[in-house]
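Convention: sequence-line order gives letters A, B, ...; per-chain numbering from 1.
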Amino acid sequence: GNSVTQMEGPVTLSEEAFLTINCTYTATGYPSLFWYVQYPGEGLQLLLKATKADDKGSNKGFEATYRKETTSFHLEKGSVQVSDSAVYFCALRGGGSQGNLIFGKGTKLSVKP
Amino acid sequence: GAVVSQHPSWVICKSGTSVKIECRSLDFQATTMFWYRQFPKQSLMLMATSNEGSKATYEQGVEKDKFLINHASLTLSTLTVTSAHPEDSSFYICSILAGGPNEQFFGPGTRLTVL
């Protein structure tokens, strides 16, 4: 079945450091891939998405590229800020599914000033 | 994006009682809503898919008689945890589809603690 594996946290970085959170997936067909962010006390928010191979999703300085050959969708940001501290979830939606998502376990990011 | 609210944000109940959680779509008529459960340090796990006016579709291993879902209108879905037990303590999150299968918006979640 479909599954998502992302690096376990917590990840602690200093402000302006480079961020990478790895995410790999297993899926049949052609899934859509997502990164969601959950700030403390809030619900999940879509950060970015990619719906086909080689697509790059980007938002708020974050980027992730849909790599079918390596079944990966790693999240990157060149210079993190304290306000980026949150839990990040990688997720996929199977091709043809109604919309339900399969999530990774989440990676907690803490950015120190 | 669409705005989704949940009520209550947290609830504590005694073992054996039932608890109802509401999920409201504030600015979109949602035909499809999802209910997820998130245990501490675990991923969100889909419990059921709810389509307005029809019975919910439950994921394997989720007891439909224990977790009653009602999606009676395009703006409201409810999840009732019947005869709750401590192992039901979790974070329950709803979401809606708004505009397509890749457009899913989440509520802030409800923390249930069963004593």
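A tilted orientation is assigned to the rings of B/F67 and B/Y92, their planes being inclined by 30° to 60°. Classification of the B/F106-A/Y36 ring pair by plane angle, with boundaries at 30° and 60°, yields perpendicular.
Contacts between B/L44 and chain A at a heavy-atom distance below 4.5 Å involve backbone atoms as well as side-chain atoms. Only the side chain of B/Y36 has a heavy atom closer than 4.5 Å to any heavy atom of chain A. In this structure, chain A has no heavy atom under 4.5 Å from any part of B/F39. Neither the backbone nor the side chain of A/I102 comes within less than 4.5 Å of any heavy atom in chain B. Looking at A/Q38, only its side chain comes within 4.5 Å of chain B, counting heavy atoms on both sides.
Counting non-hydrogen atoms of neighbouring residues, nucleotides and ligands closer than 6.0 angstrom, the NZ atom of B/K55 reaches no more than 12 such neighbours.
Here A/L44 contributes atom CG and B/F105 contributes atom CZ; the two are 12.5 Å apart, rounded to the nearest 0.5 Å.
The side-chain heavy atoms of B/S95 and B/Q104, taken from C-beta on, include a pair separated by under 4.5 Å.
The candidate from A/V4, A/L101, A/L46 with the greatest count of non-hydrogen atom pairs under 4.5 Å with chain B is A/L101. Each of B/Q38, B/E59, B/M45 has some count of heavy-atom pairs under 4.5 Å with chain A, and the biggest count is that of B/Q38.
Under a 4.0 Å N-O distance rule, the pair A/K56/A/E63 qualifies as a salt bridge.
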